[in-house]
Amino acid sequence: MIQGNQPASGPLIGGCFESLDKLRGTPYFPDINEFNDKILFIETSEVITEPWSFEETMRSFGYMGIFHRINGMVIGRPQNGTYQREYHMSIVKILKEFDLETMPVIGNASFGHNEPKCTLPYGIKAKISIAPVALYIEEPAVK
């Protein structure tokens, strides 16, 4: 658990950090309203984003209004754990800047580019649990 003391739920939105970063400002980035009441999931690729770049992009998401629309966040474990501590510290710092110190955020999650690989089903309702710290998928990904 990176921060927060309350559970959160909502449909999943997000994906690869570097891809989302490159899509900002284009018609392919999700409309800001798409983030309403969602759980944002972010994972970095094998590119290994420098901590300063991660922090700048996450802060940009804050200025875009994303963090005030979501219910919580799940951060994937970086490739080989590289910069994990720095990424977590950046998230706490940035959420504090936006007065969101209580938003539930789970880190070190095993999905995306890291090993073992797991995919999160985009748009499916999920729940962040505090005790135990976990992400639960609350509906089938395929109907």
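None of these values were measured; they are calculated from a predicted model. Each residue takes its place number in the sequence, starting with 1.
R85 pairs by the salt bridge (Lys or Arg N to Asp or Glu O under 4.0 Å) definition with nothing, not counting sequence neighbours. Residues meeting the ring pair (Phe, Tyr, Trp, His ring centres under 6.0 Å) test with F67, sequence neighbours left out: none. Partners of N71 by side chain to side chain donor-acceptor pair (under 3.5 Å), not counting sequence neighbours: none found. Legend: residues meeting ring pair (Phe, Tyr, Trp, His ring centres under 6.0 Å) with Y122, ordered by chain and number and at least two apart, are absent. In this structure E139 satisfies the side-chain contact (heavy atoms from CB on, under 4.5 Å) test together with I124, K125, K143, sequence neighbours excluded. The side-chain contact (heavy atoms from CB on, under 4.5 Å) check on P78 picks up T44, Q84, Y87, with sequence neighbours excluded. Listed by chain and number, the residues in a side chain to side chain donor-acceptor pair (under 3.5 Å) with E50 are Y83 (sequence neighbours excluded). Partners of S45 by side chain to side chain donor-acceptor pair (under 3.5 Å), not counting sequence neighbours, listed by chain and number: E18. Remark: Y136 pairs with no residue by the ring pair (Phe, Tyr, Trp, His ring centres under 6.0 Å) rule, at least two apart or across chains. For N80, there are no side chain to side chain donor-acceptor pair (under 3.5 Å) partners, not counting sequence neighbours.
Considering all non-hydrogen atoms of both residues, I13 and K38 come closest at CG2-CB, 3.5 Å. For R69 against N36, the heavy-atom pair with the smallest separation is NH1-OD1, 2.7 Å. Considering every non-hydrogen atom in both I42 and F111, the closest pair reads O-CZ, 3.5 Å. The heavy-atom pair separating I130 from P104 by the smallest distance is CD1-CB, 4.3 Å. Minimum interatomic distance between I137 and L120 (heavy atoms only, all atoms of both residues): CD1-CD2, 4.4 Å. What you find for L12 and P121 is that their closest heavy atoms are CD1-O, 3.6 Å.
Hydrophobic clustering, with ILVMFWY side chains joined whenever heavy atoms are under 4.5 angstrom apart, groups Y28 together with F17. Both I32 and L95 belong to a single network of hydrophobic side chains, linked directly or stepwise wherever heavy atoms of I, L, V, M, F, W or Y lie under 4.5 Å apart. There is a path of hydrophobic side-chain contacts, each under 4.5 Å, that joins V92 to Y63.
Expressed to the nearest 0.5 Å, how far CD of E56 lies from CE of M58 amounts to 13.0 Å. Expressed to the nearest 0.5 Å, how far OG of S19 lies from CZ of R24 amounts to 12.5 Å.
Taking the side chain as every heavy atom from C-beta outward, V74 and L40 never approach each other to under 4.5 Å. Residues I70 and M103 form a side-chain contact, since some pair of their non-hydrogen atoms from C-beta on lies under 4.5 Å apart. Taking 4.5 Å as the limit, every side-chain heavy atom of K127 sits out of range of all side-chain heavy atoms of L135.
Among pairs with a residue in residues 91-102, those fulfilling salt bridge (charged side-chain N to carboxylate O under 4.0 Å, His left out) read E55-K93, R59-E97, at least two apart in sequence or across chains. Within the structure, side-chain hydrogen bond (donor to acceptor under 3.5 Å, both in side chains) pairs that include any residue of residues 2-11 do not occur (at least two apart or interchain).
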*Start with the C-alpha gap between I75 and I106, add the side-chain angles, then the distance that decides, and say whether side-chain contact (heavy atoms from CB on, under 4.5 Å) holds.*
CA-CA 6 Å; I75 309 301; I106 294 176; over 6 Å; no
*Under the side-chain contact (heavy atoms from CB on, under 4.5 Å) rule, what do M73 and I2 come out as? Steps first, then yes or no, please.*
CA-CA 10 Å; M73 257 193 284; I2 296 175; over 6 Å; no
*Show your working on side-chain contact (heavy atoms from CB on, under 4.5 Å) between D31 and E34 and close with a plain yes or no.*
CA-CA 5 Å; D31 181 270; E34 289 295 316; 4.1 Å; yes
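Of the possible donor and acceptor atoms, none in the side chain of T57 sits under 3.5 Å from a partner among the backbone N and O of F54. Put simply, the side chain of H68 never gets that close to the backbone of G62: no donor and acceptor are under 3.5 Å apart.
Using the six-membered ring where Trp is involved, F61 and F29 have ring planes that are tilted, between 30° and 60° apart.
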